[in-house]
Amino acid sequence: ASYTQESQRYSRVGLDYVVPESVVKSGFEVEFRNAITRCYDLYLRMVGSGVPYEDARYVLPQAFTTSILMTVNLREVVHIACLRLSEKAQWEIREVVRVMVEEASRVVPEIPELISRMCGGLR
């Protein structure tokens, strides 16, 4: 696999972030969003005062999104799916791989069948 990821060193970060469902269910969503907003406001003030993006980004939580392009062959798609569609995998990576398999299936419709056969039943 090869990866290309948008760099927060060279480009301005937008106010786009992920709120995990567990945060929402536990009643911390408002507090979480407030913390994200405070961090983002500080980021914008620092960038506005001349702090380079690459230094201002240090105040941003990991919840902020970024764009990643991944190029893989069919064998690697199946391998990744076997590892990351398991219930033991973290929810976010399971969702990414689910969407990846869905997209790849538009080109190779047999992928879900291959994953089922090669993974020996995901748990």
Side-chain angles (χ1 to χ4, degrees):
S2 66
Y3 302 89
T4 304
Q5 182 171 7
E6 174 187 27
S7 174
Q8 294 177 339
R9 285 185 64 197
Y10 303 110
S11 59
R12 186 182 195 134
V13 174
L15 185 58
D16 187 25
Y17 57 91
V18 175
V19 180
E21 189 61 34
S22 63
V23 171
V24 174
K25 287 180 180 177
S26 64
F28 289 103
E29 181 178 8
V30 171
E31 213 172 325
F32 181 93
R33 289 183 184 278
N34 289 339
I36 294 283
T37 300
R38 285 193 309 275
C39 290
Y40 188 68
D41 288 346
L42 176 57
Y43 168 81
L44 291 177
R45 290 197 329 267
M46 291 191 312
V47 167
S49 72
V51 174
Y53 293 134
E54 64 185 328
D55 295 336
R57 70 188 168 135
Y58 280 90
V59 301
L60 298 175
Q62 290 184 359
F64 277 85
T65 63
T66 184
S67 295
I68 299 175
L69 173 66
M70 180 173 68
T71 304
V72 295
N73 61 31
L74 178 59
R75 181 179 50 150
E76 192 62 17
V77 168
V78 172
H79 176 70
I80 290 168
C82 288
L83 295 174
R84 302 300 180 208
L85 290 177
S86 164
E87 290 178 5
K88 295 176 183 176
Q90 196 257 353
W91 67 267
E92 187 177 29
I93 194 66
R94 279 195 320 264
E95 179 61 16
V96 168
V97 174
R98 185 192 66 72
V99 171
M100 180 180 77
V101 168
E102 186 177 288
E103 284 298 313
S105 295
R106 294 170 68 184
V107 178
V108 183
E110 299 83 6
I111 288 178
E113 180 184 332
L114 283 170
I115 291 169
S116 178
R117 219 173 345 143
M118 300 300 289
C119 298
L122 294 170
R123 291 178 222 117

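- Residue E87 holds its CD atom at 7.0 Å from CZ of R94, rounded to the nearest 0.5 Å.
- Between R57 and E54, the shortest heavy-atom contact is NE-O, 2.8 Å.
- Between L15 and I36, some side-chain heavy-atom pair lies under the 4.5 Å cut-off.
- Within the 4.5 Å cutoff, no side-chain heavy atoms of V18 are placed close to those of F64.
- Criterion: ILVMFWY side-chain heavy atoms under 4.5 Å apart, direct or through other members. Under it, I111 and I93 are part of a common hydrophobic cluster.
- Environment of CD in E31: sparse, with no more than 12 heavy atoms of neighbouring residues, nucleotides or ligands closer than 6.0 Å.
- A continuous path of hydrophobic side-chain contacts links V101 to Y3 [ILVMFWY only; heavy atoms under 4.5 Å].
- Side-chain heavy atoms closer than 4.5 Å link hydrophobic residues (I, L, V, M, F, W, Y) into clusters, and following such links, even through other members, never connects V77 to L69.
- Within the 3.5 Å criterion, the main-chain N or O of C82 finds no donor-acceptor partner in the side chain of S86.
- At least one side-chain heavy atom of E95 sits less than 4.5 Å from a side-chain heavy atom of R98.
- Residue V47 is not grouped with residue Y58 when hydrophobic side chains (ILVMFWY) are merged at heavy-atom distances under 4.5 angstrom, including chains of intermediate members.
- The backbone N or O of Q8 lies less than 3.5 Å from no partner atom in the side chain of S11, so there is not a single donor-acceptor pair.
- R84 has its side chain out of reach of M100: every pair of non-hydrogen atoms, C-beta onward, lies at least 4.5 Å apart.
- Nearest heavy atom pair, residue C119 against residue A81, reads SG-C, 4.3 Å.
- Considering E103, E102, E110 in turn, E103 is the only one that fulfils the salt bridge (charged side-chain N to carboxylate O under 4.0 Å, His left out) rule with R106.
- Residue E6 comes nearest to T66 through the heavy atom pair O-OG1, 3.1 Å, listed as atom of the first residue, atom of the second, then distance.
- Other residues, nucleotides and ligands contribute at most 12 non-hydrogen atoms within 6.0 Å of the CD atom of Q62.
- The two residues Y43 and R12 make their nearest non-hydrogen contact at OH-CA, 3.5 Å.
- Residue R9 comes nearest to Y53 through the heavy atom pair O-CB, 3.3 Å, listed as atom of the first residue, atom of the second, then distance.
- Looking at every heavy atom in both residues, P20 comes nearest to F32 through CD-CZ, 4.0 Å.
- Residues W91 and V96 are members of separate hydrophobic clusters, defined by side-chain heavy-atom contacts under 4.5 angstrom among Ile, Leu, Val, Met, Phe, Trp and Tyr.
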